[in-house]
Amino acid sequence: MSTNTEQHLEAGQENEGESHASIHDETIGHGNTPAAWTCVLIMIVGAAVSSVAYVMASYIGFFAGIAVMLIGLLVGFIMRKAGYGVNGSKLKNSSH
C-alpha cells in the first residue's frame, strides 16, 4: 500500500515539475521578442480586416486582409533576420 502511494506521489511530483518547467522556462523561445510581437499584431489587424470584409461580402477587403497577414509574416521574418528575434544580436544586454 505504501509503495503505491509513494509511486503516486513521485509521479505527481514529476508531472508538477514538468509543468513548472514548461511554463516558466525562458529557453523554450515562445516568441517573446519584438519580431514575434510585431508579426502577431500585424497579422491580427489583417485577420480583423478579413473578418469584417467576409461578413460584408467584400472580396477586395477579404483579400486585402489576407495580404496584410502575409505582410506581417514578412515583417516578422525581416525583423528576426535583423536581430530582433530569439537570441538576436539586438536583444543582448549591453550592461550600461
Side-chain angles (χ1 to χ4, degrees):
M1 181 76 176
S2 64
T3 58
N4 287 339
T5 306
E6 290 174 6
Q7 290 174 351
H8 180 69
L9 287 175
E10 289 176 5
Q13 290 170 347
E14 288 177 8
N15 290 338
E16 182 178 331
E18 289 175 3
S19 65
H20 175 74
S22 65
I23 292 172
H24 298 289
D25 189 8
E26 294 293 329
T27 59
I28 294 173
H30 280 197
N32 192 14
T33 63
W37 281 107
T38 303
C39 175
V40 167
L41 290 176
I42 292 173
M43 291 181 72
I44 287 172
V45 170
V49 169
S50 283
S51 299
V52 171
Y54 182 79
V55 171
M56 296 174 61
S58 169
Y59 291 110
I60 294 173
F62 178 77
F63 287 111
I66 297 292
V68 169
M69 288 194 287
L70 293 175
I71 289 170
L73 281 176
L74 182 65
V75 168
F77 179 75
I78 291 170
M79 286 183 70
R80 190 182 95 195
K81 290 296 181 186
Y84 292 101
V86 175
N87 296 327
S89 62
K90 305 283 182 170
L91 299 180
K92 293 184 179 175
N93 292 335
S94 60
S95 67
H96 290 279

For the backbone of G83 and the side chain of S89, can you confirm whether one donor and one acceptor N or O come within less than 3.5 Å of each other? no
So which atom in A35 and which in R80 form the shortest heavy-atom distance, rounded to 0.1 Å? CB-N, 3.8 Å
For the residue pair S50 and M69, what are the closest heavy atoms and their distance? OG-CE, 4.4 Å
Would you say that W37 contacts N32 through its side chain, given a criterion of any heavy-atom pair below 4.5 Å between the two side chains? yes
Heavy-atom closest contact (M43 atom, G72 atom, distance): CG-CA, 4.1 Å
Testing the basics here: between G85 and L91, what is the closest heavy-atom pair and its distance to 0.1 Å? O-CD1, 3.1 Å
I71-V45 co-clustered via ILVMFWY side chain contacts under 4.5 Å: no
Using a 4.5 Å cut-off on heavy atoms from C-beta on, say whether the side chain of V68 contacts that of V49. no
Mark yes or no for whether T38, through its side chain, and G76, through its backbone, hold a donor-acceptor pair below 3.5 Å. no
With a 4.5 Å limit on heavy-atom distance, are the side chains of C39 and L73 in contact? yes
Linking I/L/V/M/F/W/Y whenever their side-chain heavy atoms sit closer than 4.5 Å, directly or via other members, would I60 and M56 fall into one cluster? no
Spacing of Y54 atom OH and F63 atom CZ [to the nearest 0.5 Å]: 11.0 Å
ILVMFWY cluster, V52 and V55 together (side-chain gap under 4.5 Å): no
